[in-house]
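Accompanying notes for the structure given below.
In what follows, chains are A, B, ... by sequence order, proteins preceding strands, each numbered from 1. Scope of the values below: all heavy atoms of this structure, side chains included, with no hydrogens, waters or symmetry mates.
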There are 2 protein chains.
Amino acid sequence: MLNASPLNSLEPPLGNFDLERPIAIPHQKQEQILRGAMQVFLEIGYAETSMDRVAAVAGVSKQTIYSHFGDKEGLFKALMERVTINRFRPFFCNDEKLNGEPAIVLRQVAETFLTLKSDPEYLSLLRIIISESKRFPEFAKLYTQTVIERGRELLCRYFDAHPELNFTDSEAIAQIFLGSLVSYVLAQEILYGKESIPLESERIVNSLVSLIVSDRSNQN
Amino acid sequence: MLNASPLNSLEPPLGNFDLERPIAIPHQKQEQILRGAMQVFLEIGYAETSMDRVAAVAGVSKQTIYSHFGDKEGLFKALMERVTINRFRPFFCNDEKLNGEPAIVLRQVAETFLTLKSDPEYLSLLRIIISESKRFPEFAKLYTQTVIERGRELLCRYFDAHPELNFTDSEAIAQIFLGSLVSYVLAQEILYGKESIPLESERIVNSLVSLIVSDRSNQN
DNA sequence: GTCTATACCCTGATAGAC
DNA sequence: GTCTATCAGGGTATAGAC
């Protein structure tokens with residue numbers, strides 16, 4: 001089994017991704033294969049995806065895929081590592097925005113996050129990460145690290161810089177803040193909530209912000 | 001294709017389940033098949049599950065399954081309908097608990113919900129509903145209806161009966177309350193957050209309750 | 001390096017005995 | 001109703017020509 005692709009050769013042990021490491025630039029054929037693979041895997045999931053279909057969509061022969069990525073699992077891993085990190089890393093890296101009044105900053109964070117609601121690629125990616133979380137736990141962990149852990153850290157830092165918010169456990173509050181947004185997207189989009197129990201983003205943002213910045217000065 | 005099983009014969013159009021309709025009691029063989037099917041489907045997902053394996057686990061021949069449920073899709077649908085409704089319906093049906101002081105009632109609701117965190121069957125069910133939400137949207141909708149819609153309704157009714165909470169949009173608050181719990185379970189258990197960024201249930205419950213019951217009397 | 005052709009396995013589904 | 005035996009098709013992966 002060949003394993004000399006730039007994507008795999010320097011790969012750290014599973015579940016121990018280095019988020020700061022720059023993504024290796026693959027050769028042109030590999031890029032072409034990965035683009036096709038992304039389309040198919042994200043559309044129909046791991047088990048349903050056949051290598052024939054990936055080859056057809058990517059416009060290469062099956063053997064070419066096998067020589068570059070070893071087997072189906074190798075292809076999927078290479079794809080998911082690239083796509084997870086590339087999609088989510090930029091999202092929580094712009095620290096500079098977190099300055100200003102809580103009501104305004106938090107509203108902006110929430111609204112930025114909720115743009116994902118109408119991003120089909122993000123929705124497919126989230127679904128496949130959950131779907132394959134048992135077979136490929138490393139990508140579930142990678143997601144929690146890149147999105148949840150980073151987001152929580154950034155929010156925590158902001159909360160701690162604003163003692164007037166009066167939080168006794170800023171980590172938990174950050175988790176609640178992000179979690180309510182994640183599950184709102186999940187329920188409305190992936191679980192078709194918008195078809196049976198629609199609820200506008202704006203209402204979530206308004207109520208969430210008002211809960212967070214509410215005056216707690218006269219409480220224990 | 002036979003379709004005379006009690007589970008299917010009276011089935012309403014897909015995506016239009018009647019939550020009040022009592023579940024038909026299947027014959028003994030059907031029960032036996034469904035138990036085996038549940039084990040396999042919840043463990044490894046729809047696409048990976050083979051009818052051979054279900055037959056082996058259930059202790060019947062493949063043909064017996066086919067004569068009862070028609071095909072793989074029919075088996076899965078019968079299973080999911082039963083298991084989704086049976087697992088979730090009782091959860092939000094005990095209205096009587098929702099009486100008393102907000103801080104106490106809401107804490108109890110949250111704690112009850114979070115018992116699901118250590119319920120492997122619930123976790124598998126949630127994962128497969130999300131995994132198959134594209135192929136079988138009807139069960140995603142069934143889930144949103146039985147869990148999210150019902151839960152939101154109950155909470156809304158409680159909130160509206162307690163104007164001192166000073167909510168301008170109790171529906172949105174209810175969504176945030178339940179959503180933060182759902183996503184906490186998702187992140188910690190299904191996405192292995194507890195291995196990399198553990199956070200105790202108690203902290204979530206404390207902060208969530210304190211956010212909700214916080215004094216908003218001197219705000220717009 | 002990339003292609004065509006193919007080996008070999010396992011799948012969902014069926015036929016027919018009892 | 002339930003079983004054993006079997007079919008046709010499509011899956012991953014490989015061999016060998018160029």
Side-chain angles (χ1 to χ4, degrees), chain A residues 1-9 24-41 43-80 128 131-132 135-136, chain B residues 1-9 24-41 43-80 128 131-132 135-136:
Chain A
M1 180 185 305
L2 295 178
N3 217 6
S5 81
L7 278 171
N8 292 325
S9 56
I25 297 165
H27 302 140
Q28 191 219 328
K29 272 281 172 183
Q30 284 175 334
E31 192 69 50
Q32 188 180 338
I33 293 168
L34 287 173
R35 258 200 297 274
M38 181 163 75
Q39 227 175 292
V40 182
F41 276 120
E43 173 75 18
I44 62 179
Y46 180 80
E48 288 289 310
T49 295
S50 76
M51 298 296 266
D52 277 300
R53 187 153 165 192
V54 172
V57 171
V60 299
S61 78
K62 248 193 309 189
Q63 180 60 28
T64 303
I65 303 180
Y66 278 98
S67 70
H68 278 282
F69 298 99
D71 58 8
K72 186 178 176 180
E73 208 172 296
L75 174 62
F76 184 72
K77 286 179 176 173
L79 170 70
M80 289 297 285
I128 205 170
S131 305
E132 301 303 331
R135 194 202 309 250
F136 300 106
Chain B
M1 179 186 307
L2 294 179
N3 217 8
S5 80
L7 277 171
N8 293 325
S9 56
I25 297 164
H27 303 139
Q28 190 219 329
K29 273 281 177 196
Q30 285 175 335
E31 192 69 50
Q32 188 180 338
I33 293 168
L34 288 173
R35 259 200 297 273
M38 181 164 74
Q39 227 176 291
V40 182
F41 276 120
E43 172 75 18
I44 62 178
Y46 181 81
E48 287 289 310
T49 295
S50 76
M51 298 297 266
D52 278 300
R53 186 153 166 191
V54 173
V57 171
V60 299
S61 77
K62 245 195 315 186
Q63 180 59 31
T64 304
I65 303 180
Y66 277 98
S67 69
H68 278 282
F69 298 99
D71 58 7
K72 186 178 176 179
E73 208 172 295
L75 174 61
F76 184 72
K77 286 178 176 172
L79 171 69
M80 289 296 287
I128 205 170
S131 305
E132 301 303 329
R135 195 201 310 248
F136 300 105

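Within 4.0 Å of A:Lys29, counting heavy atoms only, lie sugar-phosphate atoms of the nucleic acid but no base atom. Using a 4.0 Å heavy-atom distance criterion, B:Ser50 is classed as a sugar-phosphate-only contact.
Nucleotide D:dC3 holds its P atom 15 Å from the OH atom of B:Tyr66, rounded to whole Å. The interatomic distance linking B:Lys72 (NZ) with D:dG10 (C1') rounds to 13 Å, in whole Å. Counting to the nearest Å, the C1' atom of D:dT12 and the OH atom of A:Tyr46 are 10 Å from each other. Between the CD atom of B:Glu73 and the P atom of C:dT11 there is a distance of 19 Å, rounded to whole Å. When the C1' atom of C:dG12 is taken as reference, atom CZ of B:Phe41 falls 12 Å away, rounded to whole Å. Distance NZ (B:Lys62) to P (D:dC7): 13 Å, rounded to an integer number of Å. Remark: P of C:dA5 and CG of A:Asp52 are 14 Å apart, rounded to the nearest angstrom. Atom CZ in A:Phe76 sits roughly 14 Å away from atom P in D:dA13 (whole-Å rounding).
Nearest to the side-chain atoms of A:Ser67 among the listed nucleotides D:dA13, C:dT2, C:dT11 stands C:dT2. Residue A:Val60 places its side chain closer to C:dC3 than to any other of D:dT2, C:dC3, D:dT6. In the set D:dT4, C:dA13, D:dA13, the nucleotide with an atom closest to the side chain of B:Asp71 is C:dA13. Here D:dC3 is the nucleotide among C:dA13, C:dC3, D:dC3 with the atom lying nearest to any side-chain atom of B:Gln63.
A:Leu75 has its side chain within reach of A:Phe41: a pair of non-hydrogen atoms, C-beta onward, lies under 4.5 Å apart. Between B:Val60 and B:Val54, every side-chain heavy-atom pair lies at or beyond the 4.5 Å cut-off. Side-chain contact between A:Leu34 and A:Phe69: present, with at least one pair of heavy atoms (C-beta onward) separated by less than 4.5 Å. With contacts defined as side-chain heavy-atom distances shorter than 4.5 Å, the pair B:Tyr66/B:Met51 qualifies.
The cationic atom of B:Lys72 (NZ for Lys, CZ for Arg) lies less than 6.0 Å from the six-membered ring centre of B:Tyr46 and within 45° of the ring axis.
Look at B:Thr64 and you won't find any side-chain N or O under 4.0 angstrom from OP1 or OP2 of D:dT2.
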